[in-house]
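Numbering of ligands and ligand atoms starts at 1, following listing order. Index from 1, following the sequence.
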Amino acid sequence: MSADEAKAAAARAALAEVKPGMRLGIGTGSTAAHFVRLLGAEVRAGLDVAGAPTSEATRRLMETHGVPLLDIDAVDDLDLAVDGADEADSRLTLIKGGGGALLREKIVAAAARRFVVIADASKHVARLGAFPLPVEVTPFAVGQTTRKVARALRETGCAADAVSLRMAGPAGKPFVTDGANYILDCAARVIPDAAALAAALKRIPGVVEDGLFIGMAQRLILGRADGGADIIDVA
Ligand code: 5RP
């Protein structure tokens, strides 16, 4: 079976957490897309739920699959958020933002009383940092911010400090987020202290949000190649 089928298995296992009447946070990316598709089938079969999307792409996907949309500003909190991740360690510290949606993803996860992460097993790592950490930054003075972000990587003991502006494609233009910001991809190789790095990044004025999700997830569901799933709960 392919990684995509493992992602679908994780999404299927997360559906067991969804109960009638829940207000959901709905993640972004290929794994979350499986969740939207499966949730849409449940809605068509009569399940009464609504979800706050973490990106415009997910909003469109929810519309396609008939999942009712929820305005996150119309509620105080969400019952459950389900989203993918680029990396997750055993303490359920995450790197997110590979799809460029980390700001809305973090806002939605922070609004949820329970946050469940779905992924294929390749996303479970012993040490964070092989996947370049996405950091959302303001377009203004992006060069200044880039240098300060590189210094933050160095000063918090990361194994590398190569920071690059994410580009949108062959047109040679920067990638622009749903919030009209840019993304810096930080090739840290190894992040020895995620909390120290997150704190250092938050002190940089041009940084809008970083892709380190610390102490937010309660459960990691890792889809398996045989269609089953393994569960890691926060200690
Ligand atoms: C988007 C994200 C995604 O959750 C992350 O990139 C994982 O994506 P995929 O499920 O496609 O592997 O953080 O900003």
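For E56 and R59, the salt-bridge test passes: some basic side-chain N is under 4.0 Å from an acidic carboxylate O. Residues K19 and D79 are not paired through a salt bridge, judged by the lack of any N-O separation under 4.0 Å between the basic side chain and the carboxylate.
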Full working for side chain to side chain contact (heavy atoms under 4.5 Å, CB included) between D161 and R151: CA-CA 7 Å; D161 61 3; R151 191 185 311 148; over 6 Å; no
Full working for side chain to side chain contact (heavy atoms under 4.5 Å, CB included) between L78 and L24: CA-CA 6 Å; L78 301 167; L24 304 172; over 6 Å; no
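The contact set between ligand 1 and A101, taken as ligand atoms under 4.0 Å from a residue heavy atom, comprises 14 (O). Numbered from 1 in the order shown, with element, the atoms of ligand 1 that lie under 4.0 Å from a heavy atom of T28 read 1 (C), 2 (C), 3 (C), 4 (O). Counting the atoms of ligand 1 from 1 in the order shown, those under 4.0 Å from a heavy atom of D83 are 4 (O). Residue-ligand proximity, G84 to ligand 1, at heavy-atom distances under 4.0 Å covers atoms 4 (O). Below 4.0 Å from some heavy atom of D86 lie the following atoms of ligand 1, by number and element: 5 (C), 6 (O), 7 (C), 13 (O).
Residues R166 and L184 fail the side-chain proximity criterion, which asks for heavy atoms closer than 4.5 Å.
For H34 and D4, the side-chain atoms include at least one donor-acceptor pair closer than 3.5 Å.
Comparing heavy-atom distances from atom 7 (C) of ligand 1 across A85, G100, G27, A57 singles out A85 as nearest. With atom 2 (C) of ligand 1 as the reference point, the heavy atom nearest to it among E105, K106, K123 is part of E105.
Among protein heavy atoms, the minimum distance from atom 9 (P) of ligand 1 is reached at S30 OG, 3.3 Å. Looking only at protein heavy atoms, the nearest one to atom 10 (O) of ligand 1 is T31 OG1, 2.5 Å.
A heavy-atom separation below 4.0 Å is found between G97 and ligand 1.
Within a 6.0 Å radius of CZ in R154, other residues, nucleotides and ligands contribute more than 12 heavy atoms.
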